[in-house]
Structure formats: C-alpha cells, structure tokens
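Reckoned from all heavy atoms, side chains included, excluding hydrogens, waters and symmetry mates.
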Amino acid sequence: MSMMPGVIDRYREHLPVTDATPAVSLGEGSTPLVRSQSISDSLGCKDLYFKLEGCNPTGSFKDRGMVMAIAKALEAGKKRIICASTGNTSAAAAAYGARYQLETLVLVPAGEIALGKLAQAMAYGARILAVNGSFDDALTAVREIVEIMDIELVNSVNPYRIEGQKTGAFEIVDELGEAPDLLCIPVGNAGNITAYWKGFTEYQSMGKSETTPKMMGFQAAGAAPIVRGEPVLKPETIATAIRIGNPASWEKAEAARDESEGMIDMVEDSEIVDAYLRLAREEGIFCEPASAASVAGLIKLPELGVDLTGKTVVCILTGNGLKDPGTAEKRALVELEYVEPDIDSVMKLLNSGK
Ligand code: AN7
C-alpha cells in the first residue's frame, strides 16, 4: 500500500466497494489543484486552477478509473484484462495489471502512440497488439473479443472506470469548498467528461456543493465528431490521445453538456500547441497536447461569447507532458547551443548577442 490513500480509500463510501473488494492502490488521486499565475489575468477570470492529473502514478487521469476497474476485476476472480487505447489507458492497465498479476493485453493504433506511453506499456510487461487501424477500430475489435474470451474489458465502457474517475470532481469540490462555475476538459472517448459530471451531480445531491459547473468539453478540430454531429472516419490531430472519431460515451457527453448548460466545441492544433507552450512557459506546467486542449478551449471562450469575468474555472490537465517528448522536441522550437565546457567558451557564447 502507498502511504497516501488512493481513490478507493479516500472515497470508499461513494464507490461500489464491498467487504469483498480488494484494497487496490498505486497511490492515485489527490492531485494538485494549482492556481494560474498568468493565463487567468489575461482572461479576466476570478480564479483559474489547473488540476494536474499528470501527477498520477502512471502520469494520467486514467489511474483513477483503472484502480476501480481492477479492484472489481479481482473481486470477480478475473485473470486477464484488455483495452484499446491511444496510450494512457494502456499505460494504466499495464501498471495495475502488473501489480496485481493480471495478464494485460492492449490494442493500440500502430505508429500513433506517443513514445512515453508505449514505453510504459513495454516496461510494465503488457502484451501489445499494434493494430492496422484507428483507436476506434481497436475498440471495436476489443468489444468483439470480450464477447468470446474470458477477459475483463477495462476501457471506459466498463462502468467501474467511470465510478473511479468521478473522484476527480469530488477532489475539486472538497478543495474549493464549492463547485467551480466552469469545468474545461478535453474530450476523446468522452468517458472523463461523463465521469466528472456524475461526480459533480452526486456531490450536489448530497449537499456537498450548492451548484454544479457548466461542462465545457473540447475536441481537436480534426477529431471532433460530437461537434460536427457525425463520426470522423480518419481523425487527425497532434493530440494523439484524443485522436478518436467515434467516442463510446458520445451520448453521455452530450447529456453532460446539456444538463450542465455547457458546451462541447473544438480547437485547432495550432491553438493546442499555443496553449501547451503557454502552460509550460507562463505557468511552469508541462502537460501533454491533449490536456492543453482544455486551456486552448478556455482561451477561446470569450470569442465564443462566454463572459469569464468573475468566474471560477478549473481546467483538467489530463496527462503529463513527459508522455509525449516528441511533440515538445518538435514544437518548442528551441535549439541546443553547443559549447566547450570552459568559462571562456561559455562567456563568449553568452556575450555573442544571442
Ligand atoms: C491525456 O488512453 O482514450 O474523453 O485510450 O489520454 O475520457 O477519452 C485517452 C484519452 C484526454 C480524453 N486527455 O479522455 C486512451 C484514451 C488525455 C487522454 C483524453 C485522453 P476521454
């Protein structure tokens, strides 16, 4: 056990846990809610916070839902788990699978997974099937496989994933003392927006908050089926985590949007990269491109007619920037300055007017 309570221990009474549910944890949850230093002022919000889900044990929000799915799989006596993934789900499945001796099978779109995520699945010892197709194709295959094999599906179509993931909303309300006005969140397969909405509404019905936030979901423009109103056959975006053309929780995401009087909109890759670099350079926060879609969306809200004045906003930064070192290398546009390791050479370089 980790010294910090994981999400099952912290929120046991709100989760489908029985005496027979094993104590599963890698110390997930309880992630930092960090106040904006710079972006907030430029937008005129009252308060803007970033929830650093990249601080979870495998570097993404997926650990919250995975811990619950794994606990229930163990409780049911399962020996094997399977998922389709754009990378983070497979890293989380592989980690918890390794820790609890579950054979782990992950299906990923070949050549489209960020390096850090693939490295994780490899290191944790999962069996990795790189499929000739998209994430959506991989998920379709997985849903067929679980019909005929005795293997537990741990994608977010598994309701226990949503249960675990809703704890992110609980943490925000517990820390702020009230729900924020707006929650900005990237949307891919749409499990997370579904889970946050469930968490906020549960907390409100228990009297832990008076209000619920407007749910502001953002897809990448090249992978925006919910915004466009139809599946995208060949989704394309720099934010590979959300390169998803036919989200499994499509209708639940629309319900979260409508019930909360929020919106689901889209952001261009250039806007994602701008937000990604602003977060790193103005806030000191390195998240992955998909996560920056939440902030890119927030930055666009005034143009879309949403007044941010006096509003409390939380952006969910779903994954750690280290997941995708290739994008940082390509998009930061920083060149290394090579130099001999002596004071004269260093001073000469520094004084050369660069
Ligand atoms: C960093 O890992 O779908 O809308 O297979 O990795 O709940 O899908 C990842 C999704 C946002 C979108 N940010 O969340 C997967 C996968 C990051 C992500 C999303 C993902 P959902």
Side-chain angles (χ1 to χ4, degrees), residues 31-56 59-61 168-169 171-173 175-188 192-193 196 200 211 213-221 224 227 237-239 241-242 260 262-324 327-328 330-334:
T31 55
L33 193 62
V34 175
R35 190 189 283 263
S36 170
Q37 289 285 347
S38 163
I39 294 173
S40 183
D41 293 342
S42 68
L43 293 170
C45 314
K46 175 162 165 278
D47 290 306
L48 168 60
Y49 299 92
F50 305 112
K51 188 148 178 72
L52 305 193
E53 288 291 283
C55 293
N56 276 298
S60 89
F61 74 98
E171 288 179 13
I172 291 169
V173 175
E175 196 156 342
L176 297 180
E178 185 48 71
D181 297 307
L182 302 177
L183 187 93
C184 297
I185 186 166
V187 176
N192 211 25
I193 191 171
Y196 269 87
F200 284 121
T211 62
K214 290 187 194 300
M215 303 297 286
M216 314 300 272
F218 296 99
Q219 302 194 294
V227 182
T237 168
I238 191 173
I242 54 172
S260 73
M263 65 163 70
I264 297 179
D265 212 298
M266 59 189 181
V267 286
E268 300 293 335
D269 278 6
S270 58
E271 295 170 315
I272 290 174
V273 171
D274 285 350
Y276 167 80
L277 292 177
R278 281 191 71 182
L279 279 162
R281 291 170 185 194
E282 297 177 32
E283 306 279 3
I285 295 171
F286 187 32
C287 65
E288 62 175 289
S291 309
S294 64
V295 176
L298 170 66
I299 291 169
K300 244 177 129 160
L301 284 179
E303 287 167 40
L304 298 171
V306 178
D307 184 11
L308 297 174
T309 319
K311 297 286 196 301
T312 297
V313 182
V314 173
C315 291
I316 309 299
L317 299 185
T318 45
N320 197 300
L322 293 170
K323 293 276 192 175
D324 187 358
T327 295
K330 283 203 275 299
R331 299 299 175 127
L333 304 177
V334 172

Answer yes or no: is there a donor N or O on one side and an acceptor on the other, between the side chain of [X] and the main chain of [Y], under 3.5 Å?
X    : Y    : answer
S291 : T318 : yes
E288 : A241 : no
E271 : E268 : yes
Y276 : A328 : yes
K214 : P180 : no
N320 : G54  : yes

To the nearest 0.5 Å, how far apart are [atom1] in [X] and [atom2] in [Y]?
X    : Y    : atom1 : atom2 : result
C315 : E53  : SG    : CD    : 13.0 Å
L308 : L48  : CG    : CG    : 9.0 Å
M263 : C184 : CE    : SG    : 9.5 Å

Quick one: salt bridge (Lys or Arg N to Asp or Glu O under 4.0 Å) partners of D41, sequence neighbours excluded? none
So, for [X] and [Y], which heavy atoms are closest and what is the spacing to 0.1 Å?
X    : Y    : result
T211 : A179 : O-CB, 3.3 Å
I299 : P302 : O-CD, 3.4 Å
D181 : G310 : OD2-O, 4.2 Å
P213 : S260 : O-CB, 3.4 Å
M215 : I193 : CE-O, 3.7 Å

Tell me, do [X] and [Y] make a side-chain contact under 4.5 Å, heavy atoms counted?
X    : Y    : result
K46  : K311 : no
Y196 : I316 : yes
I185 : F218 : no
E178 : V173 : no
I242 : V187 : no
L183 : I172 : yes
L43  : V313 : no
Q219 : V267 : no

Contacts of V273 that satisfy side-chain contact (heavy atoms from CB on, under 4.5 Å) - sequence neighbours left out: I238, L277, R331
Given side-chain contact (heavy atoms from CB on, under 4.5 Å), test S36 with F50 step by step and report yes or no. CA-CA 7 Å; S36 170; F50 305 112; 3.6 Å; yes
Answer yes if the side chains of R278 and S42 hold a donor-acceptor pair under 3.5 Å, and no otherwise. yes
Could you tell me if K51 and T31 have a donor-acceptor pair between their side chains, going purely by distance under 3.5 Å? yes
Dump the intermediate steps for side-chain contact (heavy atoms from CB on, under 4.5 Å) on F61 and L317, then the final yes or no. CA-CA 9 Å; F61 74 98; L317 299 185; over 6 Å; no
Checking side-chain contact (heavy atoms from CB on, under 4.5 Å) for the pair L301/L182: CA distance, chi angles, key distance, verdict? CA-CA 11 Å; L301 284 179; L182 302 177; 4.1 Å; yes
Please evaluate residues S38 and E283 with respect to the criterion side-chain contact (heavy atoms from CB on, under 4.5 Å), reporting the C-alpha separation (whole Å), side-chain torsions for both, the decisive distance (0.1 Å), and the verdict. CA-CA 7 Å; S38 163; E283 306 279 3; 4.0 Å; yes
Is R35 salt-bridged to D47, going by a charged N under 4.0 Å from an acidic O? yes
